[in-house]
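Structure, as structure tokens:
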Amino acid sequence: MQKRIFFKRLFVGLLLAIIVCMGVVIYQLQASLHAVQTALGDNQRISVLEQAVSDNYYESVDDSKLMDGALKGYISALDDPYSGYLTNEEYHQWQSNEAGVSVGIGVTVTLTEDESGLQIVSVENPSPAKLAGLQADDVITAVDGETVANLGYQEAVSHVRGEADTSVELTIQRGKTELKKTVQRQEMQVTSAYGTMLENKIGYIRVASFKENTVEQFQNALNQLLKQGAKGLVFDVREDGGGLVAALEKIVDPLLPAGDIATATYQDGTTKVLVHSDANELNLPMMVLVNGNTASAAELFTASLKDFGKAEVIGEQTFGKGIMQNTFELPDGGAVTLTVATYQTTKGECYHGVGITPDVIMEEDYEKVDFDHPNPEQDAQLKQAMELLQSKISS
């Protein structure tokens, strides 16, 4: 009798187990079917839209261009200004830019007030533009025969840049004179960090952005100033919109004590060390100059020196970008850039949306500031930094 009861219970248990397993399988199948139906539904919506355009749009369409637009729209729906889809061409330009390499003629331009031309703000020396005789305040009114007014700003700039080892014909308005200039485009290294010695052995290092080649340029500038006997340092990251965190890590490493400097926090709550410093540490008084356009990696540079007690910060509240993007290459040759994490120093809080408050808050008239030729008599923030450094050096 007991054996019969035992086997009966065993049978019931096995039956219940089978029923539970079948329930799990059915649930998983339903979930998978729902996912497939959703995907099919989305694909059907795209197909219907594609067919409507194909059947009704009054002009012929470029399918590849439409797909690029669809992919850009998909990412733009994230409502994140720092995420985006890059076409193959845009991705290659992005890679060159991050490496600190630009293709073009070597000019900085801005759109004229009437939006009919590109006014040249500065001409790099040396550069193809300099060789062709272009000057600051020249206005580019047409590129390869197409007017800037028709092209629009972004398209006109893209046309001027073009590809390396090709030429571009520019129509230039210089005062009342119209000129035609043919300029050979070339690949150029961008200078994003440089230094000079100021009065009383105070070294000045300007960091305009954080790119791959910024590391070598920064190290060269720092080493040169130390060889010249610098007793204090001013780091100028005003108008620096940031760049590569990998470049930032190599730049702050020789300035900071050993240990973890900054961490990133990802979607699932996990954290990862973002910036680490070795035991080599520079012991000199330092100042950092910032303003409202100091952002991203430039802010992390500032926060690292400030939070670890290595430097005082002078200037205006910074921009407040404490989030990090990664760029993923796609099979079609394009790429997608996505915001993946927030970050902060190991001694501070995340400053995203808030910014970094300087130790000394000062406004500046940037029309008087010449980053290429730093002059404390025309730059109140720089003058304040030098005075504070001098008091530390003397004490």
Side-chain angles (χ1 to χ4, degrees), residues 35-36 38-54 57 59-104 109 111 143 151-164 187 190 209-212 240-248 264-268 270 272 274 293 295-300 319-343 352-353:
V36 170
T38 301
L40 287 173
D42 291 339
N43 288 335
Q44 187 177 21
R45 291 168 67 191
I46 294 173
S47 296
V48 169
L49 183 60
E50 183 180 28
Q51 194 64 49
V53 172
S54 177
Y57 191 65
E59 289 184 341
S60 61
V61 297
D62 183 334
D63 291 336
S64 177
K65 191 173 181 179
L66 284 178
M67 181 53 67
D68 284 338
L71 294 171
K72 285 181 178 292
Y74 184 90
I75 301 300
S76 70
L78 295 172
D79 199 24
D80 176 11
Y82 305 110
S83 295
Y85 169 77
L86 302 174
T87 65
N88 186 295
E89 181 181 352
E90 290 169 341
Y91 180 44
H92 286 302
Q93 289 180 351
W94 177 86
Q95 287 177 308
S96 295
N97 182 61
E98 294 303 288
V101 177
S102 69
V103 172
V109 299
L111 191 63
V143 184
L151 288 171
Y153 177 75
Q154 292 294 346
E155 194 70 17
V157 169
S158 179
H159 273 55
V160 173
R161 285 179 181 155
E163 297 182 3
E187 189 175 274
V190 176
S209 59
F210 289 83
K211 303 184 182 299
E212 288 179 15
D240 183 336
L244 301 174
V245 174
L248 158 75
T265 303
Y266 293 84
Q267 180 192 58
D268 60 1
T270 60
K272 177 183 176 183
L274 202 59
N293 291 324
S296 192
E299 286 178 290
L300 190 54
F319 183 82
K321 181 179 180 291
I323 51 179
M324 182 176 74
Q325 288 71 43
N326 281 349
T327 298
F328 308 91
E329 187 170 342
L330 300 174
D332 65 354
V336 60
T337 297
L338 295 173
T339 300
V340 296
T342 61
Y343 56 67
H352 185 64

### Query
Does atom CD of E50 have more than 12 heavy-atom neighbours from other groups under 6.0 Å away?
no

### Task
Would you name the heavy atoms of A298 and D240 that are closest together and state the gap between them?
CB-O, 3.4 Å

### Task
Hey, could you give me the CG/CD distance between L244 and E212, rounded to the nearest 0.5 Å?
6.0 Å

Would you list the atom pairs, donor with acceptor, under 3.5 Å between side chains in residues 321-331 and any protein atom, with sequence neighbours excluded?
from: K321; atom 1: NZ; to: S296; atom 2: OG; distance (Å): 3.4
from: K321; atom 1: NZ; to: I323; atom 2: O; distance (Å): 3.1
from: K321; atom 1: NZ; to: Q325; atom 2: OE1; distance (Å): 2.8
from: Q325; atom 1: NE2; to: T339; atom 2: OG1; distance (Å): 2.9
from: T327; atom 1: OG1; to: T337; atom 2: OG1; distance (Å): 2.8
from: E329; atom 1: OE1; to: Y91; atom 2: OH; distance (Å): 3.4

### Message
Under a 3.5 Å distance rule, please check whether E299 uses its side chain to pair with a backbone N or O of G320 as donor and acceptor.
### Response
yes

### Task
Check the pair F210 / V245 against side-chain contact (heavy atoms from CB on, under 4.5 Å), numbers first and verdict last.
CA-CA 8 Å; F210 289 83; V245 174; over 6 Å; no

### Message
Whether the side chain of S76 engages the backbone of G73 through a donor-acceptor N/O pair (distance < 3.5 Å, no angle test) should be reported.
### Response
yes

## Note on the structure
When rounded to the nearest 0.5 Å, the distance separating CG of D68 from CG of L86 is 10.5 Å

### Message
Other residues, nucleotides and ligands only: do more than 12 of their heavy atoms fall within 6.0 Å of OH on Y266?
### Response
yes

### Task
Only counting residues at least two apart or in another chain, list the ones meeting salt bridge (Lys or Arg N to Asp or Glu O under 4.0 Å) with K211.
none

### Summary
Residues at least two apart in sequence or cross-chain that pass side chain to side chain donor-acceptor pair (under 3.5 Å) with D79, listed by chain then number, are none

#### Entry: Which atom of V103 lies closest to which atom of G162, heavy atoms considered
CG1-O, 3.7 Å

### Task
Verify side-chain contact (heavy atoms from CB on, under 4.5 Å) between L49 and R45, making sure each step is shown before the conclusion.
CA-CA 6 Å; L49 183 60; R45 291 168 67 191; over 6 Å; no

### Task
Flag yes if more than 12 heavy atoms outside F319 fall under 6.0 Å of its CZ atom; otherwise flag no.
no

### Query
With sequence neighbours left out, what residues match E90 under side chain to side chain donor-acceptor pair (under 3.5 Å)?
K72, T87

### Those residues that, when tested against T265, pass side chain to side chain donor-acceptor pair (under 3.5 Å) (two or more places apart)
none

### Query
With E89, which residues qualify under salt bridge (Lys or Arg N to Asp or Glu O under 4.0 Å), at least two apart?
none

